[in-house]
Amino acid sequence: MRILVLGGDGYLGWPTALRFSARGHEVVIVDNLARRRWHLERATDSLTPIGSLADRIDAWRNISGQEIIAHIGDVKDGEFLERVVGEFLPETVIHYAEHSSAPYSMLSRAHAVETQTNNVVGTLNLLFALREHVPACHLVKLGTMGEYGTPNIDIEEGFIEIEHNGRRDVLPFPKMPGSLYHLSKVHDSHNIHFACRTWGLRATDLNQGVVYGVQSNETALDERLSTRFDYDELFGTALNRFCVQAVIGHPLTVYGSGSQKRGFLNLRDTLQCVELAVSTPAALGEFRVFNQFTEQFSVLELAELVSRAGGALGYKVTIERYVNPRVEAEDHPHRGGLPGPVRADEAGHPSRLNGEGHPVQRDGLPVSLADTGHLDRGVGHGVVV
Ligand code: NAD
Ligand code: USQ
């Protein structure tokens, strides 16, 4: 299959490109290397020593004999994207090419405008390129659980049946996200839904929880294939940060009461979710939504798990509560709603796609901590709270 991976130089995009290339698919990457620039601007960096995209692609060719083609360019540039789509004629597009940091989007007007422009314009350009050149192509888009916010009802997968004044309809689930980044993903979802309804495109929106972990089967083959792994306060996600903090002896930075809940999944499960979605595409005109995470924890529960797992590996782990730098609900019944396609085996939610998860408490967390432990020689600039 011809697969276009937008954002293929990123944390999730690079291991995704490797996975599909390893399976023998024809893979083309688009990335404008913005993520690397954002770290340069803030003097932060990936803990894993990632090479340039060209070096990583060379390493993959040497190791696997497979070729990945990369185009360096911006999906905000509609003509560039049309050219790539028109020439490659992808059968599947996996779209990760977005600004991915909620706290970054909340720093200032300029950061908010940058985040929303980047994400909404890039996705709109993609929808027009697909309509023009490959209307039957399956778009797999990374959405996010945070699009839903923290309502006081169960979160459904994308849609909810509503009865109002005696009539019923199935409508998009109401969304009240907690950051301007998450709002950009809501706008994307609406635009993609529109393109499916109106133009007959096909798309799967994967609302994933917070991803953690360092390795996939392919990145583990050779250090030169590593994906990025960040632990700074803007781009490092909670569990990845806690793993690094445990290893270097920094207190785990629990924001506020720590009672805010999130759904979590291992990087290996992100790849499995994406593979499942790609191998069973949406129908023409269909906009599918899947909520994806293996388990749900409060941030404090998560810190306690890391503390126990770290202790078992010989690390002395402490937990500290910090004034929450984010404006977010801390006491709410749900965040993840019902676990989706790849989940801990005890969860009983029926789903159209099913997979084997790596639960945090089983193999996910200890493996992730051990992987992080191997990297501790690289922690050079501390963990910013
Ligand atoms: P990332 O920043 O590592 O990856 C995004 C990649 O896209 C980067 O390489 C960046 O350079 C590129 N990019 C950004 N804007 C671009 C543009 N305009 N043109 C071309 N390339 C561009 O982030 P990630 O953690 O891999 O997240 C990827 C996607 O998955 C994002 O859409 C994010 O919202 C979503 N997501 C991430 C997580 C998570 O926990 N990491 C969870 C749920 C959803
Ligand atoms: N948190 C802490 N301490 C920390 C870091 C975070 O307590 O050191 C808390 C935050 O306050 C928040 C929760 O942990 O309540 C999650 O924060 P996060 O930084 O791990 O994740 P978030 O900002 O929500 O964003 C990440 C990814 C984003 C993705 C999202 C999935 O960066 O790309 O969309 O997870 S979700 O949260 O389900 O929407």
Side-chain angles (χ1 to χ4, degrees), residues 5-16 29-39 46 53 71-77 80-81 94-106 114-115 117-119 121-123 125-126 141-150 177-179 181-182 184-185 188 206-213 227-242 245 252-265 267 270 291-293 296-300 302-303 321-322 324-330 335-336 383-385:
V5 181
L6 305 179
D9 188 47
Y11 173 54
L12 304 180
W14 172 244
T16 300
I29 285 176
V30 165
D31 204 296
N32 66 350
L33 311 182
R35 175 71 188 257
R36 294 177 187 249
R37 275 201 305 283
W38 292 322
H39 283 280
S46 166
L53 181 56
H71 297 285
I72 305 303
D74 194 326
V75 299
K76 288 200 303 305
D77 178 348
F80 157 77
L81 190 60
I94 307 170
H95 179 22
Y96 295 107
E98 300 215 316
H99 208 306
S100 59
S101 166
Y104 183 99
S105 74
M106 302 295 283
E114 182 189 2
T115 304
T117 307
N118 190 60
N119 296 357
V121 172
T123 299
N125 283 339
L126 174 62
K141 164 70 166 45
L142 259 288
T144 181
M145 282 305 297
E147 289 183 36
Y148 298 113
T150 49
S179 81
Y181 150 75
H182 285 101
S184 75
K185 313 286 285 189
D188 285 344
L206 301 180
N207 285 334
Q208 300 208 336
V210 185
V211 184
Y212 72 96
T227 192
R228 61 175 316 117
F229 182 83
D230 297 280
Y231 57 96
D232 62 278
E233 80 280 20
L234 291 185
F235 290 95
T237 49
L239 187 43
N240 282 350
R241 274 166 69 76
F242 290 171
Q245 291 164 349
L252 308 190
T253 54
V254 170
Y255 294 162
S257 66
S259 54
Q260 60 275 40
K261 298 184 186 72
R262 295 292 183 272
F264 292 87
L265 74 164
L267 173 57
T270 291
N291 299 344
Q292 302 188 311
F293 54 94
Q296 189 176 189
F297 298 106
S298 74
V299 171
L300 187 58
L302 197 66
R321 295 206 180 131
Y322 292 81
N324 197 336
R326 305 187 189 188
V327 180
E328 59 185 359
E330 292 176 12
R335 171 57 182 278
V383 176
V384 186
V385 176

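This structure is a prediction, so every number in the text was calculated from the model and none was measured. Every number for a ligand or one of its atoms is a count from 1 in the order of the listing.
Contacts between Tyr322 and ligand 2, counted as non-hydrogen atom pairs separated by less than 4.0 Å, are absent for every part of the residue. Within the 4.0 Å heavy-atom criterion, the part of His182 lying near ligand 2 is the side chain and not the backbone. At a heavy-atom cutoff of 4.0 Å, ligand 2 is contacted by the side chain of Val299 but not by its backbone. Within the 4.0 Å heavy-atom criterion, neither part of Glu147 lies near ligand 2.
Atoms of ligand 2 found under 4.0 Å from any heavy atom of Gln260 (numbered from 1 in listed order, with element): 11 (O), 15 (O). Every atom of ligand 2 is numbered from 1 in the order shown, and the set under 4.0 Å from a heavy atom of Ala238 is 6 (C), 14 (O), 18 (P), 20 (O). Atoms of ligand 2 found under 4.0 Å from any heavy atom of Ala102, numbered from 1 in the order shown, are 23 (O). Remark: ligand 2 atoms within the under-4.0 Å shell around heavy atoms of Arg241 are 4 (C), 5 (C), 8 (O).
Side-chain contact between Thr123 and Glu98: present, with at least one pair of heavy atoms (C-beta onward) separated by less than 4.5 Å. Using a 4.5 Å cut-off on side-chain heavy atoms (C-beta onward), Tyr11 and Leu267 make contact.
In this structure, the separation between NE2 on His71 and CG on Asn32 is 14.0 Å, given to the nearest 0.5 Å. Expressed to the nearest 0.5 Å, how far NZ of Lys141 lies from CG of Asn207 amounts to 8.5 Å. The distance from the CZ atom of Phe264 to the CD atom of Gln208 is 13.5 Å, given to the nearest 0.5 Å. Here Leu142 contributes atom CG and Thr16 contributes atom OG1; the two are 7.5 Å apart, rounded to the nearest 0.5 Å. If you take CG on Asp230 and NE2 on His39, they are separated by 4.0 Å, rounding to the nearest 0.5 Å. Atom NZ of Lys76 is separated from atom CD of Glu114 by 7.5 Å, given to the nearest 0.5 angstrom.
A donor-acceptor pair is defined here as one N or O able to donate and one able to accept, closer than 3.5 Å; no such pair exists between the side chain of Asn119 and the backbone of Ser184.
Assignment of Tyr181 to the shell around ligand 2 is supported, since a heavy atom sits closer than 4.0 Å. Distances shorter than 4.0 angstrom occur between a heavy atom of Gly209 and an atom of ligand 2. Ligand 2 has Gln208 within reach: a non-hydrogen atom of the residue lies less than 4.0 Å from it.
Taking every heavy atom of both residues into account, Asp9 and Ile29 meet most closely at N-CG2, 4.4 Å. The two residues Thr150 and Ala329 have their closest heavy-atom pair at OG1-CB, 3.6 Å. The shortest non-hydrogen separation linking Gly7 to Ala97 is N-CB, 3.5 Å.
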Tabulated below should be the N or O atoms of ligand 1 paired with protein N or O atoms at under 3.5 Å; can you produce that?
residue  : atom   : partner : partner atom : Å
ligand 1 : 2 (O)  : Arg35   : NH1          : 2.9
ligand 1 : 2 (O)  : Ser100  : OG           : 3.3
ligand 1 : 3 (O)  : Tyr11   : N            : 2.8
ligand 1 : 3 (O)  : Arg35   : NH1          : 2.9
ligand 1 : 9 (O)  : Gly10   : N            : 3.2
ligand 1 : 9 (O)  : Asp31   : OD1          : 3.3
ligand 1 : 9 (O)  : Asp31   : OD2          : 2.6
ligand 1 : 11 (O) : Asp31   : OD1          : 2.7
ligand 1 : 11 (O) : Ala34   : N            : 3.1
ligand 1 : 11 (O) : Arg35   : N            : 3.0
ligand 1 : 15 (N) : Asn118  : ND2          : 3.0
ligand 1 : 18 (N) : Asp74   : OD1          : 2.8
ligand 1 : 18 (N) : Asn118  : OD1          : 2.7
ligand 1 : 19 (N) : Asp74   : OD1          : 3.4
ligand 1 : 19 (N) : Val75   : N            : 3.0
ligand 1 : 21 (N) : Asn32   : N            : 3.2
ligand 1 : 21 (N) : Asn32   : OD1          : 3.1
ligand 1 : 23 (O) : Ser100  : OG           : 3.2
ligand 1 : 26 (O) : Tyr11   : N            : 3.4
ligand 1 : 26 (O) : Leu12   : N            : 2.9
ligand 1 : 32 (O) : Lys185  : NZ           : 2.6
ligand 1 : 34 (O) : Tyr181  : OH           : 2.4
ligand 1 : 34 (O) : Lys185  : NZ           : 2.7
ligand 1 : 40 (O) : Val211  : N            : 2.9

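Remark: ligand 2 and Ser101 share no N or O pair separated by less than 3.5 Å (distance only, no angle test). Residue-to-ligand polar distances place Gly146 within reach of ligand 2: an N/O pair is separated by less than 3.5 Å. For the pair Thr144 and ligand 2, the shortest N or O to N or O distance falls below 3.5 Å.
Annotation: ring-ring contact (aromatic ring centres under 6.0 Å, His included) contacts of His99 (sequence neighbours excluded): Trp38, Tyr104, Phe235.
Evaluated by nearest non-hydrogen atom to atom 35 (O) of ligand 2, the leading choice among Val254, Leu265, Val210 is Val210.
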